[in-house]
Amino acid sequence: MEIQLDTLTTPFSLRHTLSCGQVFRWEKRGDWWWGVVQGEAVKVRQARGKLRFQASSERVDANFIAEYFRLGDDLPRILSRINKDEHIGEAIRAFRGLRIVRQDPWECLISYMCATHANIPAVRNMIFNLSRRFGRKITLDGHALYTFPKPTDLAGANLRGLRRCKLGFRAERILQTSKMIADEMFDLEALRGADYEDAKSRLMSLPGVGQKVADCVLLFSLDVLEAFPVDIWMKRIILKLYLGHFEQSFVEKISGKGSIARKDYEKISSFGRGYFGEYAGYAQEYLFHYGRSQLKGEV
DNA sequence: ACATCCCCTTAGCC
DNA sequence: AGGCTAAGGGGAT
């Protein structure tokens, strides 16, 4: 099946969207990107203005794909809203068509808990290990893929099994959080449409979920496009491109290496939301990808 | 209440 | 090649 895209009204770049670091489960093999979405194996490619896809089930139709890639977002309008200066302007020029993916909240939550103090290749490995060990095997065109485990699958696991997935110190946190979700002590879907601060603090009541993970879950899975996650890369980008928006003493304070203190996180994140506005999350993602591609080697 | 320090597993990276 | 770091969180001081 395929979706016809108009470059002007519906700009979309599959490559930028899947390689910018927001999703961990896609892999490029030849001309196609292979992934697993909502328990279905999917392969996608983009060529000559068309988005073509095949999947393990009929329920993966054009609407399913459009929902996942947020093709309904008015990207030209969003980009014009966040295009506040030359730096973000350059990021937009470089990666126009990058869209926030609408991930499953549960999978997104565990994925970004895995991303705690880990680099992207390591996170990909953890998620692949979890899926192979606790997920379900599905095939598409003879290729084997594994669905992401359900909350009950991980809640029923033991620490040793999780540690074999290379989760390290994250294993205990992920087990506890999985139990809370599986036992319906915590309802992720209930956060959809909730007030930003409220939804964030409720997420942070989960073990292993701090400000950063909460912001990522809100942005990447619960449609809170104002969320502005701050990781070590965003700190670098702020120091390089936006230091003029902060006091000298603050710039010096966060210039040292290491993770970001709780209050410093809040200062940077609220700057992002205030400066870029209601679509700050999109600005964050363009800057994140741009920063990683430009600043690599400078670090 | 607030800030700072330190530890947490593992593997990718230089 | 081995030390440092990684889409951070939590607990102690």
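Worth saying up front: this structure is predicted, and the values here are computed from it rather than measured. Chain letters run A, B, ... following the sequence lines, proteins first and then strands; every chain starts at 1.
Not counting sequence neighbours, the partners of A:E189 by the salt bridge (charged side-chain N to carboxylate O under 4.0 Å, His left out) test are A:R192.
Atom-to-atom, CZ of A:F228 to P of C:dA7 comes out at 17 Å; the value is rounded to the nearest Å. A:R124 has its CZ atom 17 Å from the C1' atom of B:dC13, to the nearest Å. One can place CZ of A:F250 at 15 Å from C1' of B:dT4, the figure rounded to the nearest angstrom. Atom pair A:K253:NZ and B:dT4:C1' shows a separation of 9 Å (rounding to whole Å applied). Distance A:I100 CD1 to C:dA7 C1': 13 Å, rounded to the nearest Å. Taking atom NZ on A:K212 and atom C1' on C:dG10, their separation rounds to 16 Å, with Å as the unit. If you take CD of A:Q176 and P of C:dG9, they are 16 Å apart, rounded to a whole angstrom. Protein atom CD1 of A:I120 is 5 Å distant from nucleotide atom P of C:dA7, rounded to whole Å.
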Please write out the pairs of protein N or O atoms and N or O atoms of nucleotides 7-11 of chain B separated by less than 3.5 Å, giving the distance to one decimal.
unit_1	atom_1	unit_2	atom_2	d
B:dT9	O4'	A:F169	N	3.4
B:dT9	O2	A:R170	NH1	3.1
B:dT9	O4	A:H117	NE2	3.3
B:dA11	OP1	A:K166	NZ	3.4

Extract from the structure each pairing of a protein N or O with an N or O of nucleotides 11-13 of chain C at less than 3.5 Å, listing the distance.
unit_1	atom_1	unit_2	atom_2	d
C:dG11	O6	A:R262	NH2	3.2

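Within a heavy-atom distance below 4.0 Å of DNA chain C, the residues of residues 264-289 of chain A found are A:Q284, A:E285, A:F288.
Counting any heavy atom pair closer than 4.0 Å across all strands shown, A:V209 reaches sugar-phosphate atoms only and no base atom. Backbone-only engagement by A:G208 is indicated by non-hydrogen atom pairs under 4.0 Å involving sugar-phosphate atoms exclusively. Residue A:K235 is out of contact with every strand shown, counting any heavy-atom pair closer than 4.0 Å. Counting non-hydrogen atoms under 4.0 angstrom, A:V230 reaches nothing in the nucleic acid. Within 4.0 Å of A:P121, counting heavy atoms only, lie sugar-phosphate atoms of the nucleic acid but no base atom. Note on A:Q22: a base of the nucleic acid sits closer than 4.0 angstrom, heavy atoms only.
Residues A:T177 and A:R173 bring no donor and acceptor atom of their side chains to less than 3.5 Å of each other. In the model, A:Y290 has a side-chain atom that pairs as donor or acceptor with a side-chain atom of A:E90 under 3.5 Å. Looking only at atom types and distance, the side chain of A:R99 has no donor-acceptor partner in the side chain of A:Y282 under 3.5 Å away. Of the N and O atoms on the side chains of A:E107 and A:Q103, not one donor lies less than 3.5 Å from an acceptor on the other residue.
Nucleotides C:dG8 and B:dC13 place their P atoms 15 Å apart, quoted to the nearest Å. Taking atom C1' in both C:dA7 and B:dC5, one finds a spacing of 23 Å when rounded to whole Å. Comparing the P positions of C:dC4 and B:dC7 gives an interatomic distance of 14 Å, to the nearest angstrom. Separating the P atom of B:dT9 from that of C:dA12 is a span of 15 Å, rounded to the nearest Å.
Between A:Y242 and A:H87, the ring planes are perpendicular. Angles over 60° get that label, and only those under 30° would be called parallel. Relative orientation of the A:H289 and A:F95 rings is tilted, given thresholds of 30° and 60° on the angle between their planes. Relative ring orientation between A:W26 and A:Y68 is described as tilted, the plane-to-plane angle lying within the 30° to 60° band. Note: A:F128 and A:Y146 have perpendicular aromatic rings, judged against thresholds of 30 and 60 degrees for the angle between ring planes.
Looking at the side chain of A:F24, the nearest of the listed nucleotides B:dT4, C:dA7, C:dG9 is C:dA7.
Taking 4.0 Å as the cut-off between side-chain N and carboxylate O, A:D223 and A:R70 count as a salt-bridged pair. A salt bridge links A:D198 with A:R202: at least one charged nitrogen is closer than 4.0 Å to a carboxylate oxygen.
Of the candidates A:K43, A:E27, A:R29, A:R29 is the only one forming a side chain to side chain donor-acceptor pair (under 3.5 Å) with A:H143.
Toward the 5′ end of DNA chain C lies the nearest nucleotide of A:F220, the other residue of the pair A:L206 and A:F220 mapping further downstream.
Separation of the A:F24 and A:Y112 ring centroids falls under the 6.0 Å cut-off.
For the OP1/OP2 pair of B:dA1 and a distance below 4.0 Å, the side-chain nitrogens and oxygens of A:K263 include no atom meeting the criterion.
Every stem involving DNA chain C, taken as at least 3 paired positions in a row under the Watson-Crick or G-U wobble test at 3.5 Å, is listed here: B:3-8 with C:8-13, B:10-14 with C:2-6.
In this structure, A:D215 and A:F220 have side chains that are not in contact, with every pair of non-hydrogen atoms separated by 4.5 Å or more.
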List, one per line, each side-chain donor-acceptor pair under 3.5 Å for residues 178-186 of chain A, sequence neighbours excluded.
unit_1	atom_1	unit_2	atom_2	d
A:S178	OG	A:I174	O	2.7

